[in-house]
A.B. asks: 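Sharing a structure below in structure tokens format, with a few things to ask.
In this chain, numbering begins with 1 at the start of the sequence shown.
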Amino acid sequence: QVQFVESGGGLVQPGGSLRLSCAVSGDIDSIYVMGWYRQAPGEQRELVATITSGAHTNYADSVKGRFTISRDYAKNTVYLQMNSLKPEDTAVYCCHVETWDSNEYWGQGTQVTVSS
């Protein structure tokens, strides 16, 4: 079994910051990509940011310059530093991993709400 421990979500005012964490454990090795996706009610899940085993990053245009993804390779943990948050960032943020043999796993998600 693969387990996710996601944390860091919450309620913040516009312009505020949050830091999400996702630690992956269990029967998993050789992680290729770790990342964050988000989904608002009634909308499709969308990519927020990903980071590869080689530390290459990819960001959605809507979060470039505001969010930073990082990874602790020894701990199988991925982080998402979110600054200058906007109401449109409100969503459930889910951690995602992909292994080198193309297996994919999803966390349960953590709620981020940006509101004044």
A.B. asks: Enumerate, atom names and distances included, each donor-acceptor pair closer than 3.5 Å involving a side-chain atom of residues 11-28, sequence neighbours excluded.
C.D. replies:
residue: S17; atom: OG; partner: N83; partner atom: OD1; Å: 2.9
residue: R19; atom: NH1; partner: Q81; partner atom: OE1; Å: 3.4

A.B. asks: Closest approach of A49 and Y59, non-hydrogen atoms and distance?
C.D. replies: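 Minimum heavy-atom contact is CB-CD2, 3.5 Å.
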
A.B. asks: Same cluster or not: Y105 versus I69, using hydrophobic residues (I, L, V, M, F, W, Y) connected whenever any side-chain heavy atoms lie under 4.5 Å apart?
C.D. replies: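 Yes, Y105 connects to I69 through the hydrophobic network.
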
A.B. asks: What heavy-atom pair brings Y73 and T52 nearest, and what distance separates the two atoms?
C.D. replies: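 Answer, listing the atom of Y73 first, then T52: OH-O, 3.0 Å.
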
A.B. asks: Could you check if a side-chain atom of V78 sits within less than 4.5 angstrom of a side-chain atom of S70, using non-hydrogen atoms only?
C.D. replies: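 SC-SC contact between V78 and S70 ruled out.
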
A.B. asks: Grab the two heavy atoms, one from C94 and one from G109, that are nearest each other, plus how far apart they are.
C.D. replies: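 Nearest heavy atoms, C94 then G109: SG-CA, 3.7 Å.
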
A.B. asks: Would you tabulate the side-chain donor-acceptor contacts of residues 34-48 under 3.5 Å, counting partners in other chains and residues two or more places apart, or write 'none'?
C.D. replies:
residue: R38; atom: NE; partner: E46; partner atom: OE2; Å: 2.7
residue: R38; atom: NH1; partner: D89; partner atom: OD1; Å: 3.0
residue: R38; atom: NH1; partner: Y93; partner atom: OH; Å: 2.8
residue: R38; atom: NH2; partner: E46; partner atom: OE2; Å: 3.3
residue: R38; atom: NH2; partner: S62; partner atom: OG; Å: 3.4
residue: Q39; atom: NE2; partner: E43; partner atom: O; Å: 2.9

A.B. asks: When clusters are formed from ILVMFWY side-chain contacts under 4.5 Å, directly or step by step, what else is grouped with V33?
C.D. replies: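 Traced through the cluster, V33 reaches Y32, W100.
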
A.B. asks: Within this structure, what is the NE2-OG1 distance for the pair H96 and T50, rounded to the nearest 0.5 Å?
C.D. replies: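 With rounding to 0.5 Å, NE2 (H96) is 9.5 Å from OG1 (T50).
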
A.B. asks: Please name the pair of heavy atoms, one in R66 and one in L85, separated by the smallest distance, quoted to 0.1 Å.
C.D. replies: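 Closest heavy-atom pair between R66 and L85: NH1-CA, 3.9 Å.
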
A.B. asks: What distance do I31 atom CD1 and S53 atom OG have between them, rounded to the nearest 0.5 Å?
C.D. replies: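 I31 atom CD1 to S53 atom OG measures 10.0 Å (nearest 0.5 Å).
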
A.B. asks: Hey, does the side chain of T90 reach the backbone of E88 with a donor-acceptor pair shorter than 3.5 angstrom?
C.D. replies: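 Side chain of T90 to backbone of E88: no pair is present.
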
